Amino acid sequence: MSAVQAPVIVFDGVCALCSRWVGFLLRFDRQGRYRFAAIQGANGRALLATHGLDPDDPLSFLLVEQGRAYTDSDAILRVLAGLGGLWRLATIARWLPRPARDRSYRWLARNRYRWFGRHDACYLPAPEQQGRFLD
């Protein structure tokens, strides 16, 4: 899968929780399926804007896969399912009504800096992982 065709996850590069999420994905995405773009970078901002999300008010998680955008809980569940194996069990959460899932996601997103902290600079990948980042 080329970098252009690979699914792209747009994340908040200064959010401590979001950076841990990216670290988790780098660890468990053994096939290197996902690429990453911080919202603070040109590619991340462009992807958010292209899909109708405000890059200056990043309360939404964005997954772009085969030209289609997924946000919030749908994006998270889709990413976990894409890891394969037991991670696919996360799709059981789709039985919960989407409005309830998304409300929970947005509550967490609004409080992420207060609860988990904020970094002074964007997440920096290890040299061997830099090819998976768009910016």
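For clarity, every value in this text was computed on a predicted model and none was experimentally measured.
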[X] [atom1] to [Y] [atom2] distance, which is reported to the nearest 0.5 Å:
X	Y	atom1	atom2	value
Asp102	Ile76	CG	CD1	9.0 Å
Ile9	Leu47	CD1	CG	12.0 Å
Asn111	Leu17	CG	CG	11.0 Å
Ile39	Leu53	CD1	CG	10.5 Å
Arg132	Gln130	CZ	CD	13.0 Å

Among the clusters formed by ILVMFWY side chains lying less than 4.5 Å apart, do [X] and [Y] turn up in the same one?
X	Y	value
Leu63	Phe24	yes
Phe61	Leu26	yes
Phe36	Leu83	yes
Leu96	Leu77	no

What residues form a salt bridge (Lys or Arg N to Asp or Glu O under 4.0 Å) with Asp120, not counting sequence neighbours?
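With neighbours one apart ignored, the set is empty.
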Which residues pass the salt bridge (Lys or Arg N to Asp or Glu O under 4.0 Å) test with Asp74, sequence neighbours left out?
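By the salt bridge (Lys or Arg N to Asp or Glu O under 4.0 Å) rule, Asp74 matches Arg98, Arg101.
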Sequence-distant partners of Glu65, side-chain hydrogen bond (donor to acceptor under 3.5 Å, both in side chains), two or more places apart:
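Checked Glu65 against side-chain hydrogen bond (donor to acceptor under 3.5 Å, both in side chains); matches are Arg33, Arg78.
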Other residues, nucleotides and ligands only: do more than 12 of their heavy atoms fall within 6.0 Å of [atom1] on [X]?
X	atom1	answer
Gln66	CD	no
Trp115	CH2	yes
Gln31	CD	no

Minimum heavy-atom separation for [X] to [Y], with atom names?
X	Y	answer
Ser19	Gly13	OG-O, 3.6 Å
His51	Ala69	ND1-CB, 3.3 Å
Pro55	Leu48	CA-CD1, 3.8 Å

Between Trp21 and Phe11, does the ring centroid distance fall short of 6.0 Å?
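For Trp21 and Phe11, the ring centres are not under 6.0 Å apart.
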List for me each residue that meets side chain to side chain contact (heavy atoms under 4.5 Å, CB included) alongside Thr91, sequence neighbours excluded, and say none if there are none.
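For Thr91, the residues satisfying side chain to side chain contact (heavy atoms under 4.5 Å, CB included) (neighbours in sequence not counted) are Ala81, Arg94.
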Can you list everything that forms a side chain to side chain contact (heavy atoms under 4.5 Å, CB included) with Val14? Sequence neighbours excluded, please.
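Partners of Val14 under the side chain to side chain contact (heavy atoms under 4.5 Å, CB included) test: Asp12, Gln40, Tyr113, Arg118, Cys122.
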Could you list who else is in Trp95's hydrophobic cluster, with ILVMFWY side chains joined at under 4.5 Å, directly or through other members?
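Trp95 shares its hydrophobic cluster with Leu86, Leu89, Ile92.
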Side-chain heavy-atom pair Asp29, Trp87 within 4.5 angstrom cut-off:
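No; the side chains remain at least 4.5 Å from each other.
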Tell me, with the steps shown, if Val10 and Arg45 meet side-chain contact (heavy atoms from CB on, under 4.5 Å).
CA-CA 9 Å; Val10 181; Arg45 289 183 68 78; over 6 Å; no
Strictly distance-based, threshold 3.5 Å: is any side-chain N or O of Asn43 a donor or acceptor partner for the main-chain N or O of Ala37?
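Between the backbone of Ala37 and the side chain of Asn43 there is no qualifying donor-acceptor contact (under 3.5 Å).
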